[in-house]
Amino acid sequence: MSAKIIDGKAFAAKLRARVAEEVAALKASKAVTPGLAVVLVGEDPASQVYVRNKNAQTLEAGMASFERRMSAETTEAELLAVINELNHDPAVHGILVQLPLPKHLDSDLAINAIAPEKDVDGFHISNVGRLATGQSAAVPCTPLGCLLLLRDLHGDLSGMDAVVLGRSNIVGKPMAQLLLSSSCTVTVAHSRTRDIEAVSRRADILVAAVGRPEMVKASWIKPGATVIDVGINRIDAPERGTKPDGSPKTRLVGDVAYAEAAEVAGAITPVPGGVGPMTIACLLAGTVVACCRSLGVAPPSDLTL
Ligand code: GUN
């Protein structure tokens, strides 16, 4: 069997086009431009790429983009002052503090300093609590992107067995909450889970978010299951030759051994081009929703859960 390939890139492009339509409508009807502010502290290379892509896509959707780049030596007080300023800036409807922060900064403190109604990442303790208790909430963008792909594929998810590999606050835990809200039977497996392969093989929906290249093998997958691969891992690819400095070229792989998994799964997301593009698309949608709410306007129903 060869799995259906879930085209997250195409889905995300459609979502961004919908966002752009809404942005144009808000500009025309309310003379307001939805604005997203990203705070980047330090020089983490992966974060820099993410922030650059976010900035480009925000502008492409017709939105305003505010970037605050701060040095790796930024103090807690300086970071909190910038967040406070953005909280009070009426042109900013969404605020994202790029993680990870340098080690000397407390990320919980920073995230909980964001006004909850501008917390487009859904990481603020009040949004986490709202999601957990079934109240409308800003939802973390990567798990939301996964859920949208799953809904598009399956429609109603109720009664399905879902296994989430990984328990991070950014992906694993909110993914489990979203699947539970969708009436799946949810198991969260992690590094201490006994016989994780057997647990994974029970899944109708298997979400891999562990950050370990190609950990999930074909033998972990129930035939016909849907596999959502959240991993983005850069590994050496000597078969592609060498870089000018003599080091091997690299390639991106997910947490799933794609080629063998695709022989067993019913549907699977590729890396790249699966979950990755959904994250920013959901972030832009969340910013438009936050903008609508700030204006007292009902957000478009297809941009909310
Ligand atoms: N770092 C990796 N993923 C994310 C994300 O979704 N949001 C933020 N703020 N930081 C991240």
Side-chain angles (χ1 to χ4, degrees), residues 8 12 15-16 35-55 57-58 65-70 72 74 79-80 82-83 86-87 92-103 105-128 131 137-149 164 166-178 207-212 228-234 252 254-255 269 271-272 274-287 289-290:
L15 181 54
R16 291 198 306 273
L36 174 63
V38 174
V39 181
L40 175 60
V41 186
E43 260 98 60
D44 180 71
S47 293
Q48 299 213 1
V49 173
Y50 180 81
V51 168
R52 203 165 44 237
N53 290 340
K54 181 241 43 136
N55 180 46
Q57 292 181 30
T58 303
S65 176
F66 305 91
E67 244 181 68
R68 294 301 179 91
R69 287 176 180 263
M70 306 181 76
T74 298
L79 176 58
L80 293 178
V82 164
I83 292 170
L86 296 170
N87 282 343
V92 173
H93 304 96
I95 301 171
L96 177 152
V97 175
Q98 186 64 32
L99 300 178
L101 287 172
K103 287 205 167 34
L105 297 171
D106 179 342
S107 44
D108 288 337
L109 195 67
I111 285 163
N112 291 324
I114 298 172
E117 66 276 13
K118 294 192 180 188
D119 166 39
V120 278
D121 256 331
F123 294 164
H124 188 287
I125 192 86
S126 96
N127 281 314
V128 174
L131 174 62
V139 175
C141 303
T142 300
L144 176 58
C146 296
L147 185 75
L148 296 180
L149 293 176
V164 179
R167 53 177 160 176
S168 70
N169 291 339
I170 293 180
V171 183
K173 284 184 214 162
M175 185 77 250
Q177 291 289 358
L178 287 170
V207 180
V210 287
R212 286 179 173 266
I228 304 290
D229 189 352
V230 180
I232 302 177
N233 310 288
R234 190 165 284 286
L252 288 182
D255 292 348
T269 57
V271 176
V275 172
M278 294 298 291
T279 299
I280 296 180
C282 289
L283 177 66
L284 302 182
T287 304
V289 169

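This one's a predicted model, so the numbers in the text were calculated from it and none came from an experiment. Start at 1 and go down the list; that is how both ligands and their atoms are numbered.
Between Met70 and Leu79 there is a side-chain heavy-atom pair separated by less than 4.5 Å. Residues Ser47 and Pro100 form a side-chain contact, since some pair of their non-hydrogen atoms from C-beta on lies under 4.5 Å apart.
Counting atoms of ligand 1 from 1 in the listed order, those under 4.0 Å from a heavy atom of Leu96 are 9 (N).
Here the rule is side chain to side chain contact (heavy atoms under 4.5 Å, CB included) with Pro140, and of Cys282, Pro174, Ser168 only Pro174 fits it.
Here's the thing with Leu99: one of its N/O atoms is less than 3.5 angstrom from an N/O atom of ligand 1. Residue contacts with ligand 1: Phe123 is placed with no nitrogen or oxygen under 3.5 Å of a nitrogen or oxygen of the ligand (distance criterion only).
Annotation for Ala290 and Val120: closest pair CB-CG1, 4.4 Å, computed over non-hydrogen atoms.
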Query raised in the report: Are Leu96 and Tyr50 close enough, and set up right, to give a side-chain contact (heavy atoms from CB on, under 4.5 Å), and what steps lead you there?
Result: CA-CA 12 Å; Leu96 177 152; Tyr50 180 81; 4.3 Å; yes

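Closest protein heavy atom to atom 3 (N) of ligand 1: Ile170 CG2, 4.2 Å. Regarding atom 5 (C) of ligand 1, its nearest protein heavy-atom neighbour is Asp121 OD1, 3.9 Å. The nearest heavy-atom contact from the protein to atom 11 (C) of ligand 1 is Gln98 NE2, 3.5 Å.
Heavy atoms of Val97 found under 4.0 angstrom from ligand 1 belong exclusively to the backbone.
Atom CZ of Arg212 has 12 or fewer neighbouring heavy atoms from other residues, nucleotides or ligands inside a 6.0 Å radius.
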